[in-house]
Amino acid sequence: MKTPQRRTLVTFCAIAAAAAGLGVASQVIGASPAAPAPAAAPAYSPVPGMPPLVDPKNVYGSIGPGNMNPVVKDHLRRVYVPNLRSNDVYVIDQESLKVVDKFKVGLGPQHVVPSWDLRTLWVANNAERTDKGSLTPVDPLTGKPGKNVPVDDPYNMYYTPDGKSAIVVAEARHRLDFRDPKTMAVQYAIDTPQCGGINHADFSNDGRYAVFTCEFDGTIAKIDLVGRKVDGYLKLQMPSKRFSESGPVGGPANEICSVKKGMPQDIRISPDGKKFFIADMDADGVHIVDGASLKEIGFIHTGIGAHGLYPSRDGKKLYVANRGTHRIHGKPKGKGSVSVIDFATEQVVSQWPIPGGGSPDMGNVSADGKYLWLSGRFDDVVYRIDTASGNVDKVKVGQEPHGLTVWPQPGRYSLGHTGNLR
């Protein structure tokens, strides 16, 4: 999440006492009324050029520890941390937890994005409020950066499932720019005028559509990747209550909500490919949306400032980074925590506070699944969280770390962000 260009924050509210699975009324904007649901789900038919899922019923079937692509065999085991305010990337050795390198990049680095073919890591420097945006290529064989490529407003970047296009998320332009994945030359664009703060995305299991979050409008946008158009917008429903920043981590949930729209952040698809889980920093939890009908069907409360989402290596759990504040510019040592959601039951099964307070933001899971690495946005640190115990180690980095990536990761190809591999 970046600094908004037209929004001030914030009133306080608290999260609903209702748990996961709550039915929620939905409002689709700019789309025709949904057709009646079919009697049976359509047969799995991936978009041409997309590597089909090994198991159509398990989107995450190829990201287990044993599924390392030969391409990454000699890649360095590193964590690449973009620091938004110091305009640099810190490189952490995963074994020693030591910073082994750091280098300057472009202005305002937001995320480190693995390419579709897993051969390059791109640092997205969106240079907010300027026309000096760029992408910095990093060679994962050496950990060294190359020459910056000028690109307009690259807040984030994804890839079409067939690998034919990089999708530069031009947040300030309300636009998705589809570019050649090697040269970054523009191919075409899709305007998203009703998606203020377009930022994070995930893709249907057949690769035919994507769902992007609209941070400043409290909505999501469904993008038809085949027809190259917006298929509709959905206004997410705010809970009646949310967590208080002045209370202990995880509760009590007793603050009445006065915020009228949410602030959706990261998004991940369910293992069966039917639902999308959407972290909402204002709602303090995760919305559940049916992808086919674009309807909200549930909500799971997690913690203050729900922000980043990362599936476990076995695809059974979803780690939720709760940034510990409703504010865009938070203070150090906030009420940060990580919630663990069981995909099957849609219930929170573990809650891990950051010792001494913190601000867990974006990151990913180690290749073996033993650690969750997250940037500490307002504490200028990186957290390494043991996924068995919740124990936390910290590494000091640059100023305002954001979308770090852990590399290498298992999987056949990357859909972008900090490592959405399939």
Side-chain angles (χ1 to χ4, degrees), residues 1-2 46-47 49-51 59 63 82 109-126 133 135 137 149 151-182 184-192 195 197-215 220-226 228-231 264-269 276-279 291 308-311 362-364 402-405 407 409 411-422:
M1 186 204 76
K2 66 186 287 187
V47 68
M50 169 188 164
V59 169
I63 67 164
Q110 299 278 5
H111 301 92
V112 178
V113 180
S115 64
W116 188 90
D117 63 7
L118 312 181
R119 297 179 185 275
T120 306
L121 305 176
W122 291 97
V123 185
N125 313 300
N126 85 303
L135 297 170
V149 179
V151 170
D152 188 26
D153 192 34
Y155 168 73
N156 207 345
M157 188 162 70
Y158 291 87
Y159 290 86
T160 55
D162 60 9
K164 294 181 180 178
S165 302
I167 308 173
V168 170
V169 183
E171 188 265 9
R173 315 293 187 219
H174 293 69
R175 193 180 69 213
L176 300 173
D177 290 339
F178 291 72
R179 294 175 175 266
D180 182 281
K182 299 291 187 182
M184 294 300 160
V186 175
Q187 297 170 333
Y188 59 95
I190 297 176
D191 289 322
T192 58
C195 190
I198 187 167
N199 49 36
H200 301 101
D202 206 356
F203 298 76
S204 61
N205 63 350
D206 60 7
R208 295 182 178 274
Y209 70 88
V211 179
F212 279 79
T213 58
C214 311
E215 179 180 340
I220 56 175
K222 185 175 181 179
I223 307 297
D224 179 350
L225 296 173
V226 177
R228 300 182 179 181
K229 62 184 178 68
V230 177
D231 207 26
Q265 304 293 323
D266 207 1
I267 175 172
R268 284 302 177 98
I269 197 170
F276 288 86
F277 290 69
I278 303 157
L309 300 176
Y310 308 96
M362 290 284 170
N364 218 318
H402 193 194
L404 67 80
T405 198
W407 201 253
Q409 296 178 33
R412 298 169 298 162
Y413 60 97
S414 167
L415 291 174
H417 192 37
T418 59
N420 290 13
L421 269 65
R422 296 273 176 94

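- Checked against V230 for a side-chain contact (heavy atoms from CB on, under 4.5 Å), the options I190, D191, L176, D224 give a single hit: I190.
- When all heavy atoms of E171 and I198 are compared, the closest pair comes out as CG-O, 3.2 Å.
- The shortest side-chain heavy-atom distance between M157 and M184 falls under the 4.5 Å cut-off.
- Between C214 and P264 the shortest heavy-atom distance is O-CG, 3.5 Å.
- More than 12 heavy-atom neighbours from other residues, nucleotides or ligands sit within 6.0 angstrom of NZ on K229.
- Between the CD1 atom of I220 and the CD1 atom of I278 there is a distance of 4.0 Å, given to the nearest 0.5 Å.
- In terms of modelled atom types and a separation under 3.5 Å, the side chain of D202 and the main chain of I269 share a donor-acceptor contact.
- Residue Q265 holds its CD atom at 4.5 Å from CD of E215, rounded to the nearest 0.5 Å.
- In terms of heavy-atom proximity, A189 sits nearest to D177 at CB-OD1, 3.5 Å.
- The two atoms that bring P181 and G163 nearest to each other are CG-O, 3.6 Å, heavy atoms only.
- Looking at residues two or more places apart in sequence or on another chain, you find a side-chain contact (heavy atoms from CB on, under 4.5 Å) between S115 and D117, T120, W122, Y159.
- Ring to ring, Y155 and H111 are close: their centroids are under 6.0 angstrom apart.
- The structure places CG of L309 at 8.5 Å from CD1 of I267, a figure rounded to the nearest 0.5 Å.
- In this pair, H417 and H200 present their aromatic rings perpendicular. The plane angle is above 60°, beyond the 30 to 60° band.
- Between the Q187 side chain and the K164 main chain, a donor and an acceptor come within less than 3.5 Å of each other.
- When each of P114, S414, P82 is tested with T405 by the rule side-chain contact (heavy atoms from CB on, under 4.5 Å), just one qualifies, namely P114.
- Under the 3.5 Å distance criterion, the side-chain polar atoms of N156 are left unmatched by any main-chain donor or acceptor of V169.
- The shortest non-hydrogen separation linking D206 to S204 is OD1-OG, 2.7 Å.
- Atom-to-atom distance recorded for F276:CZ and F203:CZ is 9.5 Å, nearest 0.5 angstrom.
- Of all the heavy atoms in M50 and Y413, the pair that sits closest is CE-OH, 3.7 Å.
- Residues passing the side-chain contact (heavy atoms from CB on, under 4.5 Å) test with D152, sequence neighbours excluded: R173, R175, R179.
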Handout entry: side-chain contact (heavy atoms from CB on, under 4.5 Å) evaluation trace for L118 with L421
Key = CA-CA 9 Å; L118 312 181; L421 269 65; 4.1 Å; yes
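- The shortest distance between side-chain heavy atoms of V47 and L225 does not fall below 4.5 Å.
- Under 3.5 Å, the side chains of R268 and N420 contain a donor-acceptor pair of N or O atoms.
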Exercise for the section: Would you check, one step at a time, whether the test side-chain contact (heavy atoms from CB on, under 4.5 Å) holds for F212 with T192? Expected result: CA-CA 10 Å; F212 279 79; T192 58; over 6 Å; no
Exercise for the section: Determine, stepwise, if the pair I63 / Q409 fulfils side-chain contact (heavy atoms from CB on, under 4.5 Å). Expected result: CA-CA 8 Å; I63 67 164; Q409 296 178 33; over 6 Å; no
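- Of the N and O atoms on the side chains of N199 and T213, at least one donor lies less than 3.5 Å from an acceptor on the other residue.
- At distances below 3.5 Å, at least one donor-acceptor pair connects side-chain atoms of T160 with backbone N or O atoms of S165.
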Practice task
Could you go through the side-chain contact (heavy atoms from CB on, under 4.5 Å) check for L121 and W407 one step at a time?
Solution key: CA-CA 9 Å; L121 305 176; W407 201 253; 4.0 Å; yes
